[in-house]
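If you're wondering where the values come from, they're calculated on a predicted model, not measured in any experiment. Chain identifiers are assigned alphabetically (A, B, ...) following the order of the sequence lines, protein sequences preceding nucleic acid strands; residue numbering begins at 1 within each chain.
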Amino acid sequence: VEMADEVEPQQTTNTVEEPLDLIRLSLDERIYVKMRNDRELRGRLHAYDQHLNMILGAVEETVTTVEIDEETYEELYKSTKRNIPMLFVRGDGVVLVAPPLRVG
Amino acid sequence: MSTCPSDSRPTLRTIVENSLVVLLQGLHGQVTTVDLRDESTARGRVVNVDAYMNVRLADVLFRDRRGRVSRLEDLFITGRNVRYVHIPDNLDITDTIEKQLGKISRMRNYETKNPQSQPKTCKICT
């Protein structure tokens, strides 16, 4: 378990040795999480583990759907957002973790 | 069964101590909402969470993916079907995890002082 505040003295290295160490660098920072089923999360990373189970604070979830117009076959993208103060995310839904996307 | 269970399989306690499930175990007795993989939601009192994230809830308000609401006295959700667990806003995460790990290690100390005789070989194979 990796946390923003250390639970007990652990042997954590400061070097980046494996991909999970990159996530450790984002502890207590805002991150972007792409999930399965066209979902995205933006929130503050409080804790994570090796399964990518995560605890995110002040989360905004975006669910994106595509509707196809039956006549014009136009693709209409809709997104639904909701805010959740504190969320536990099960790791098997996580696709990628990144710093928040900057627009432009 | 032709083979014995492997001794290298991690114990449930090891799984719990090394993952964030330990935080969910600290929610025993609290009312939370679990969002399932299939878009349904279950809001109820946490009775138990195990190492595999299987969740048992009581006095549940269950909303299926079509939005139909039903009341359930008891609900068991398999860990694989969990997408999110809404954590109560006022919960101190560090504190909850520390307390839960403390409980687990106290149980371990109890076990070493009062060793329950655990069979080392399975009775079927011998």
Got a second to check how far B:T96's OG1 is from A:I55's CD1, nearest 0.5 Å?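 The OG1 atom of B:T96 sits 8.5 Å away from the CD1 atom of A:I55.
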Between atom CZ of A:F88 and atom OG1 of B:T32, what is the distance when rounded to the nearest 0.5 Å?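 Rounded to the nearest 0.5 Å, the CZ-OG1 separation comes to 11.5 Å.
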Of the non-hydrogen atoms in [X] and [Y], which two are nearest, and what is the gap between them?
| X | Y | value |
| --- | --- | --- |
| A:D92 | B:R80 | OD2-NH1, 3.4 Å |
| A:N53 | B:L20 | O-CD1, 3.5 Å |
| A:M86 | B:I93 | SD-CD1, 3.7 Å |
| A:H51 | B:S19 | CD2-CB, 3.9 Å |

If you group Ile, Leu, Val, Met, Phe, Trp and Tyr by side-chain heavy-atom gaps below 4.5 Å, do [X] and [Y] land in one group?
| X | Y | result |
| --- | --- | --- |
| A:V94 | A:L27 | yes |
| B:V47 | B:V22 | no |
| B:V31 | B:V46 | no |
| B:V21 | B:L91 | yes |

Side chain, backbone, both or neither of [X] within contact of chain B (heavy atoms, under 4.5 Å):
| X | value |
| --- | --- |
| A:M35 | side chain |
| A:I84 | side chain |
| A:R39 | side chain |
| A:L52 | neither |

Count the heavy atoms belonging to other residues, nucleotides or ligands that lie under 6.0 Å from [atom1] of [X], then report whether that count exceeds 12.
| X | atom1 | result |
| --- | --- | --- |
| B:R63 | CZ | no |
| A:R82 | CZ | yes |
| B:F76 | CZ | yes |
| A:R30 | CZ | yes |
| A:R42 | CZ | yes |
| A:E18 | CD | yes |

Side chain, backbone, both or neither: which part of B:L23 has a heavy atom under 4.5 Å from chain A?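 Answer is side chain: those atoms of B:L23 sit under 4.5 Å from chain A.
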Does any backbone or side-chain atom of B:D35 lie under 4.5 Å from a heavy atom of chain A? Answer side chain, backbone, both or neither.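 Just the side chain, heavy atoms under 4.5 Å.
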Chain A: which of B:L24, B:V82, B:D89 shares the most heavy-atom pairs with it under 4.5 Å?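 Ranked by heavy-atom pairs under 4.5 Å with chain A, first place is B:L24.
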Residue pair B:Y84 / A:V59, side-chain heavy-atom distance below 4.5 Å: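 No. Closest side-chain heavy atoms not under 4.5 Å.
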Checking A:R90 side chain against B:G79 main chain: does a donor-acceptor pair fall under 3.5 Å?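 Such a contact is found between A:R90 side chain and B:G79 backbone.
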